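All values reported here derive from a predicted model rather than from experimental measurement. For ligands, and for the atoms within them, numbers begin at 1 and follow the listed sequence.
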Amino acid sequence: MNKEEVVSDTIPIKPMRPKDYESGVHPVWCAGCGNYGVLSGVYRALAELNIDPTNLVNVSGIGCSSRLPYFLKAYKMHTLHGRAGPVATGVQLARPDLDVLVSGGDGDGFSIGGGHMPHLARTNVNLTYVLMDNHIYGLTKGQSSPTSRRDMKAYTTPYGGIEEPMRPLLYMLTYGATYVAQAYSGNAKMCAELIKGGLEHKGFAYIHILSPCITFNKVDTADYFKGIIKDIPEKHDISDLHKAMHLIYKFKDKEPVGLLYKSHRPTLDVIMADLVRQAGGSKHYDIRKIIDQARP
Ligand SMILES: Cc1ncc(C[n+]2csc(CCOP(=O)(O)OP(=O)(O)O)c2C)c(N)n1
Ligand code: SF4
């Protein structure tokens with residue numbers, strides 16, 4: 001559907017408050033789960049931008065974190081494990097006028113969904129991806145994930161893991177994401193600020209949120225996460241990709257929190273619209289011209 005064909009509601013909405021984005025469905029997360037801070041950050045970011053819930057689509061995969069859309073007043077899709085990104089890409093291309101938010105976990109995004117991540121970033125699809133990283137598979141009761149530390153003993157790795165954790169921020173920078181940020185879920189204000197920036201950004205915005213699973217990850221606790229985070233210095237140049245990567249290495253065992261990188265290039269929907277224009281595409285296009293190409 002072309003943007004012109006979309007009948008959009010242009011009536012200004014009343015000033016929204018964070019609680020106006022509550023869906024009425026009570027969160028099913030364990031008391032003390034880090035994801036509450038992320039949800040609160042999402043509510044606040046949306047309120048600050050006064051986003052109309054009828055113009056918002058929240059797509060998730062599978063996992064505890066992927067339950068987030070149920071708690072949010074928006075159009076929503078709870079899809080398949082690892083597939084939120086591609087489904088959200090379809091939503092964004094079909095309706096570029098909507099705000100598209102993806103939410104999911106570390107296993108969802110970087111294990112089963114890991115094949116999609118590079119292409120979300122490199123195509124610069126205009127959506128905001130909030131990934132809740134608890135260094136474990138929560139919903140399936142505590143198996144190690146691609147971000148688990150090697151020595152963590154877990155459900156299927158009782159003697160510790162056999163491989164090193166991956167580095168999500170470095171991956172996303174390498175894949176070409178145009179907005180890369182990290183926060184800790186205990187700081188809902190920072191979550192809100194970075195999610196807001198992601199929603200405002202035209203392009204693929206990736207927000208990595210360290211979010212403790214108090215029930216199954218007894219190693220990477222809230223205190224552990226609090227101890228490893230370190231603010232990105234104010235003087236950091238967010239437009240310099242090399243400096244963003246360098247900062248991650250410079251911080252060594254610390255995790256940088258704040259906005260790491262931001263740049264601009266055409267988004268997938270804009271490139272696709274240009275392609276349609278170049279090809280003379282229109283909904284009135286004579287389909288026989290295409291079929292005739294196959295004439296013997
Ligand atoms: C195709 C498929 N494989 C496996 C599962 C089982 N499964 C459900 S949730 C999940 C992982 C959850 O971990 P994560 O994505 O890190 O989210 P969390 O629950 O920790 O928020 C898995 C493997 C599934 N639902 N579908
Ligand atoms: S199992 Fe872990 S991630 Fe899932 S709701 Fe409970 S604390 Fe949160």
Which ligand 2 atoms does [X] reach within 4.0 Å, using its non-hydrogen atoms?
X	answer
Phe216	1 (S)
Cys30	1 (S), 5 (S), 6 (Fe), 7 (S)
Thr215	6 (Fe), 7 (S)

Cationic N near anionic O, under 4.0 Å, Lys226 to Asp223 |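 Looking at Lys226 and Asp223, the cut-off is met.
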Do me a favour and list the nearest non-hydrogen protein atom to [atom] with residue, atom name and distance?
atom	value
atom 16 (O) of ligand 1	Gly107 N, 2.9 Å
atom 3 (S) of ligand 2	Asn134 ND2, 3.5 Å
atom 4 (Fe) of ligand 2	Cys64 SG, 2.4 Å
atom 8 (Fe) of ligand 2	Cys33 SG, 2.4 Å
atom 25 (N) of ligand 1	Ile62 CG2, 3.6 Å

Region of Thr140 that comes within reach of ligand 1 [heavy atoms, distance under 4.0 Å] =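 Within the 4.0 Å criterion, Thr140 contacts ligand 1 through side-chain atoms alone.
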For ligand 1, does Ile136 get within less than 4.0 Å through its side chain, its backbone, both, or neither, judged by non-hydrogen atoms?
->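 For Ile136, the contact with ligand 1 is made by the backbone alone.
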Within the structure, does [X] bring an N/O atom to less than 3.5 angstrom of an N/O atom in ligand 1?
X	answer
Tyr137	no
Asp106	yes
Leu139	yes
Gly63	no

Any idea which atoms of ligand 1 are less than 4.0 Å away from a heavy-atom of Ser65?
->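 Those qualifying, in numeric order: 17 (O), 18 (P), 21 (O).
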Contacting atoms of ligand 1, where contact means under 4.0 angstrom from a heavy atom of Gly138 =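 Going through ligand 1 atom by atom, the ones under 4.0 Å from Gly138 are 13 (O), 18 (P), 19 (O), 20 (O).
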Parallel, tilted or perpendicular: which fits the ring planes of [X] and [Y], with parallel below 30° and perpendicular above 60°?
X	Y	answer
His246	His242	parallel
Tyr179	His201	tilted
Phe110	Tyr171	perpendicular

Heavy-atom gap Ile112 to ligand 1 smaller than 4.0 Å |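 Heavy atoms of Ile112 do come under 4.0 Å of ligand 1.
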Within the side chain of His81, is there an N or O that forms a donor-acceptor pair under 3.5 Å with the backbone of Ile62?
->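 Confirmed, His81 side chain pairs with Ile62 backbone.
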Separation between OG of Ser145 and CE of Met152, rounded to the nearest 0.5 Å =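 Between atom OG of Ser145 and atom CE of Met152 there are 6.5 Å.
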In Å, rounded to the nearest 0.5 Å, how long is the span from NE2 of His208 to CG of Leu194?
->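 So the NE2 of His208 and the CG of Leu194 are separated by 12.5 Å.
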Quiz item: cation-pi between Arg95 and Tyr75, 6.0 Å / 45° =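 The answer is no, since Arg95 fails at least one limit relative to Tyr75.
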Is there side-chain contact between Tyr206 and Leu131, with at least one heavy-atom pair below 4.5 Å?
->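 Side chain of Tyr206 against side chain of Leu131, heavy atoms only: contact under 4.5 Å found.
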With no hydrogens and no angle check, do the side chains of [X] and [Y] hold a donor and an acceptor under 3.5 Å apart?
X	Y	value
Thr140	Tyr155	no
Asp220	His135	yes
Asn35	Ser211	yes

Would you say Cys213 has an N, O or S atom lying under 2.8 Å from atom 2 (Fe) of ligand 2?
->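 Yes - counting backbone and side chain alike, Cys213 has an N, O or S atom under 2.8 Å.
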Heavy atoms only: which of [options] is nearest to [atom]?
atom	options	result
atom 19 (O) of ligand 1	Gly105, Gly109, Cys64, Ser145	Cys64
atom 15 (O) of ligand 1	Asn134, Asp108, Thr147	Asp108
atom 11 (C) of ligand 1	Met132, His81, Arg83, Arg67	His81

Over all atoms of both residues, closest heavy-atom pair of Asn50 and Tyr21 =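 Shortest heavy-atom contact: C-OH, 3.8 Å.
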